[in-house]
Amino acid sequence: GDSVTQMEGPVTLSEEAFLTINCTYTATGYPSLFWYVQYPGEGLQLLLKATKADDKGSNKGFEATYRKETTSFHLEKGSVQVSDSAVYFCALSGGSQGNLIFGKGTKLSVKP
Amino acid sequence: ETGVTQTPRHLVMGMTNKKSLKCEQHLGHNAMYWYKQSAKKPLELMFVYSLEERVENNSVPSRFSPECPNSSHLFLHLHTLQPEDSALYLCASSQDPRARGLEQYFGPGTRLTVT
């Protein structure tokens with residue numbers, strides 16, 4: 001079945017460092033891809049999405065490009081801030097009832 | 001209120017108790033979902049309701065019983081839970097579950113502890 005694999009964390013960076021969180025997927029058909037972020041004590045918030053191959057989603061300085069040839073959707077940010085500390089989830093729209101299928105999440109800690 | 005709200009935010013219950021979790025969405029969506037989030041595991045889909053009809057239950061134990069009285073409200077009734085049921089329970093909604101590519105909007109979750 002459809003699945004998402006993302007890099008294990010935790011990831012610890014200094015402020016203004018470059019961030020990459022890897023995400024690869026397995027899916028039949030052409031899913032949409034998402035990145036969600038979960039701040040401490042909160043639910044998941046949509047960060048960005050891409051609906052077809054070569055689409056780039058972007059928001060708040062984060063970017064991810066839908067790469068069909070490598071089945072990847074890696075999250076990047078050029079300069080992280082302390083406020084970016086959170087858990088990041090990669091997901092695809094592959095569920096049989098329209099539900100999302102999530103990766104295990106990657107915890108990011110940014111130090112001042 | 002805007003978005004998706006959940007109450008209570010925290011719940012501690014004994015294994016013989018009966019309690020209910022409530023979710024309300026103010027987005028005019030047609031589908032609502034319950035997910036379970038446990039440490040070190042991916043989010044697990046528990047139930048899906050589309051236009052107030054259950055369409056997925058994913059082999060969830062019968063000690064979890066959902067109810068969707070209308071498209072804006074979703075409940076999860078709990079009874080005789082086990083300690084391994086302790087987790088964050090997340091509610092989500094989306095506009096149309098069969099239209100691929102649509103994102104889901106999540107509530108803040110209920111942190112459940114079973115003692």
Side-chain angles (χ1 to χ4, degrees), chain A residues 1-10 23-53 55 57-59 64 66 73 86-107, chain B residues 2-7 9-10 21 23-25 27 29-51 53-60 66 87-111:
Chain A
D2 295 356
S3 65
V4 174
T5 302
Q6 58 182 110
M7 59 188 292
E8 296 282 332
C23 171
T24 57
Y25 67 92
T26 301
T28 54
Y30 303 95
S32 292
L33 302 174
F34 305 85
W35 277 100
Y36 279 81
V37 58
Q38 185 176 32
Y39 297 103
E42 298 184 13
L44 276 68
Q45 301 174 27
L46 177 67
L47 182 59
L48 52 85
K49 75 173 189 178
T51 58
K52 62 183 187 297
D55 267 3
S58 61
N59 185 27
Y66 191 142
F73 193 54
V87 181
Y88 292 81
F89 293 89
C90 186
L92 64 82
S93 59
S96 59
Q97 299 301 331
N99 57 291
L100 301 181
I101 296 171
F102 287 86
K104 291 186 177 181
T106 302
K107 184 176 181 179
Chain B
T2 58
V4 181
T5 58
Q6 290 186 242
T7 55
R9 293 294 307 274
H10 301 272
L21 310 184
C23 175
E24 184 173 0
Q25 59 97 0
L27 301 168
H29 288 168
N30 293 322
M32 298 185 76
Y33 310 78
W34 280 117
Y35 287 89
K36 176 183 179 182
Q37 185 179 27
S38 304
K40 309 290 186 183
K41 296 175 69 175
L43 269 73
E44 302 171 53
L45 177 68
M46 299 177 72
F47 299 103
V48 179
Y49 276 84
S50 176
L51 297 171
E53 290 190 14
R54 187 195 300 181
V55 294
E56 177 86 36
N57 73 353
N58 261 8
S59 302
V60 177
L88 182 68
Y89 288 84
L90 291 164
C91 175
S93 70
S94 68
Q95 194 166 22
D96 180 353
R98 301 187 188 277
R100 291 184 175 272
L102 293 183
E103 58 269 30
Q104 293 178 9
Y105 293 82
F106 284 80
T110 295
R111 174 67 64 186

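As a basis for the values below, the full set of heavy atoms in this structure was taken, side chains included, without hydrogen atoms, waters or symmetry mates. Each chain gets a letter, A, B and so on, in the order the sequences are listed, and its residues count up from 1.
- Residues satisfying the side chain to side chain contact (heavy atoms under 4.5 Å, CB included) criterion with B/P42, sequence neighbours excluded, are A/K104.
- Proximity of a side-chain donor or acceptor of A/Y25 to a complementary backbone N or O of A/C90 within less than 3.5 Å is not detected.
- Aromatic ring orientation, B/H29 versus B/Y105: tilted (interplanar angle from 30° to 60°).
- Residue B/R111 does not touch chain A at all, counting heavy-atom pairs closer than 4.5 Å.
- Heavy atoms closer than 4.5 Å to chain A are found in the side chain of B/Q37, but not in its backbone.
- The salt bridge (Lys or Arg N to Asp or Glu O under 4.0 Å) test applied to A/E8 returns no partner, not counting sequence neighbours.
- For chain B, the nearby parts of A/L44 are the backbone and the side chain; heavy atoms of each come within less than 4.5 Å.
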